[in-house]
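Since the model is a prediction, treat every value here as computed from it, not as a measurement. Proteins come first, then strands; the chains are lettered A, B, ... in the order of their sequence lines, and each starts at number 1.
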Number of protein chains: 2
Amino acid sequence: METAELEKKIRERNGRMTRVRKAMLDFFGTAETPLTATSILELLAKRRITANRTTIYRELRFLEDTGVIHEVRIIGHGRSFELSGGHRHHLVCLGCHDVKSVAFKNHLDSEEERLLRDERFRVSDHSLEFYGLCDKCSE
Amino acid sequence: METAELEKKIRERNGRMTRVRKAMLDFFGTAETPLTATSILELLAKRRITANRTTIYRELRFLEDTGVIHEVRIIGHGRSFELSGGHRHHLVCLGCHDVKSVAFKNHLDSEEERLLRDERFRVSDHSLEFYGLCDKCSE
DNA sequence: TTAATTGCAAAAGTTTTGCACTGGC
DNA sequence: GCCAGTGCAAAACTTTTGCAATTAA
């Protein structure tokens, strides 16, 4: 999503461009991995920006409600979020515990059609995580 | 997994067949949805079995270390677990919040090969969740 | 100005740990 | 009897809520 588009979405919700919000949008825009409340606090600290943990949680909820970010759940990690659009697939290294978001088209459309037919389940979204070893951790 | 096979795995780890463990194996064996510590406590209560929450967490860890169960992470739900082998795919209804485990073969092998080639990521496992509306909640 | 945002304190929920006691085999 | 399993209390984390103070527009 473009920065301009993000700002537009936020304005629509009567959102203001505050110090913390701006920094968080920046973090989400550049991160290659989903972010947790705690990791966001650490990133803020590096930039010498002080913010209360409560503010981060409230901001995460706001950005999620606004559709700017979405939640990601990965085994062995805390509740995390990433920018909406495109992503939703992750490579989770069981060695160094790093998580990399990868954007790629996959062929789950036929699977989703099958679920609608056989299970009468109407898929609107999906998430896919691969667990294994990254290049560095493969020895 | 067969009950006999489960018991064997547990014996190998010097595990004993206790009241709580037996009940939990039964729950996991029959549940069609992943179970959380809290839902297990509720199931135990229905059977008039009293157990401390700490015991449940310790048992979950034991069964996970033993390879009997594995963790499942689903958006909007607490940390949950299900019996290992086969499953790993879930239909998550955004209406009633029910989660159904479904076993099916999928065609991610070529995707995993691609990840090894392009990303040098050695996949050992994956998890796939579909979010949407179940039959009842589709109106 | 004025409504959104924030900080702080407190509460609620989840998960882990230490230690002494109990119970399966 | 031995050692795995358990309960209890307490601690460590994570997330939410209420309220008063602050600030972007």
Using a heavy-atom cut-off of under 4.0 Å over every strand shown, decide if B:R58 touches base, sugar-phosphate, or nothing.
base
Length of the CE-C1' vector between A:M17 and C:dA3, whole Å:
18 Å
Do the ring centers of B:H77 and B:H90 come within less than 6.0 Å of each other?
no
Atom-to-atom span, CG of A:L60 to C1' of D:dT15 - whole angstrom
11 Å
N or O in side chain of B:N52 less than 4.0 angstrom from D:dC8 OP1/OP2:
yes
If you measure from the Lys or Arg side-chain nitrogens to the Asp or Glu carboxylate oxygens, is any gap between A:K8 and A:E5 under 4.0 Å?
no
Interatomic distance, A:F62 CZ vs D:dA24 P [rounded to whole Å]
15 Å
Is B:R61 close enough to C:dT16 that one of its side-chain N or O atoms is under 4.0 Å from OP1 or OP2 there?
yes
Could you state the atom-to-atom distance from CG of A:L41 to C1' of C:dT6 in whole Å?
14 Å
Tell me the interatomic distance from B:L44, atom CG, to D:dT6, atom P, rounded to whole angstroms.
11 Å
Are any of A:R79's side-chain N or O atoms less than 4.0 Å away from OP1 or OP2 of D:dT15?
yes
Is B:E111 salt-bridged to B:R114, going by a charged N under 4.0 Å from an acidic O?
yes
Find the distance B:I56:CD1 to C:dT16:C1' and express it as a whole number of Å.
15 Å
OP1 or OP2 of C:dT16 under 4.0 Å from side-chain N/O of B:Y57
no
Give me the ring orientation class for A:F130 and B:H126: parallel if the planes are under 30° apart, tilted from 30 to 60°, perpendicular past 60°.
perpendicular
Determine the contact category for A:T50: base if any of its heavy atoms lies under 4.0 Å from a base atom, sugar-phosphate if only primed atoms, P, OP1 or OP2 are that close, otherwise nothing.
sugar-phosphate
Indicate if B:V99 and B:I75 have the same hydrophobic cluster label, given that clusters are the connected sets of ILVMFWY residues with side-chain heavy-atom separations under 4.5 angstrom.
yes
Look at A:T55 and C:dG7 and indicate whether a side-chain polar atom (N or O) is within less than 4.0 Å of OP1 or OP2.
yes
Nearest of C:dT5, D:dT6, C:dG7 to any side-chain atom of B:T18?
D:dT6
Of the listed nucleotides D:dT15, D:dG5, D:dT23, the one nearest the side chain of A:R16:
D:dT23
Would you indicate what B:R13 reaches in the nucleic acid, counting non-hydrogen atoms under 4.0 angstrom: base, sugar-phosphate, or nothing?
nothing
Counting any heavy atom closer than 4.0 Å, what does A:G15 reach on the DNA or RNA strands: base, sugar-phosphate only, or nothing?
sugar-phosphate
Which part of the nucleic acid, if any, lies within contact of B:T54, taking any heavy atom under 4.0 Å across all strands shown: a base, the sugar-phosphate backbone alone, or nothing?
base
What does A:R21 touch in the nucleic acid at a heavy-atom separation under 4.0 angstrom: a base, only the sugar-phosphate, or nothing?
sugar-phosphate
At 4.0 Å (heavy atoms only), tell me whether A:R53 reaches a base, stays on the sugar-phosphate, or touches nothing.
base
Report the distance from atom CZ of B:R19 to atom C1' of C:dT22, rounded to the nearest whole Å.
11 Å
Is the cationic atom of B:R21 (NZ for Lys, CZ for Arg) positioned less than 6.0 Å from the six-membered ring centroid of B:F62 and within 45 degrees of its normal?
yes
Specify the separation, in whole Å, of atom CD1 of A:I10 and atom C1' of D:dA25.
15 Å
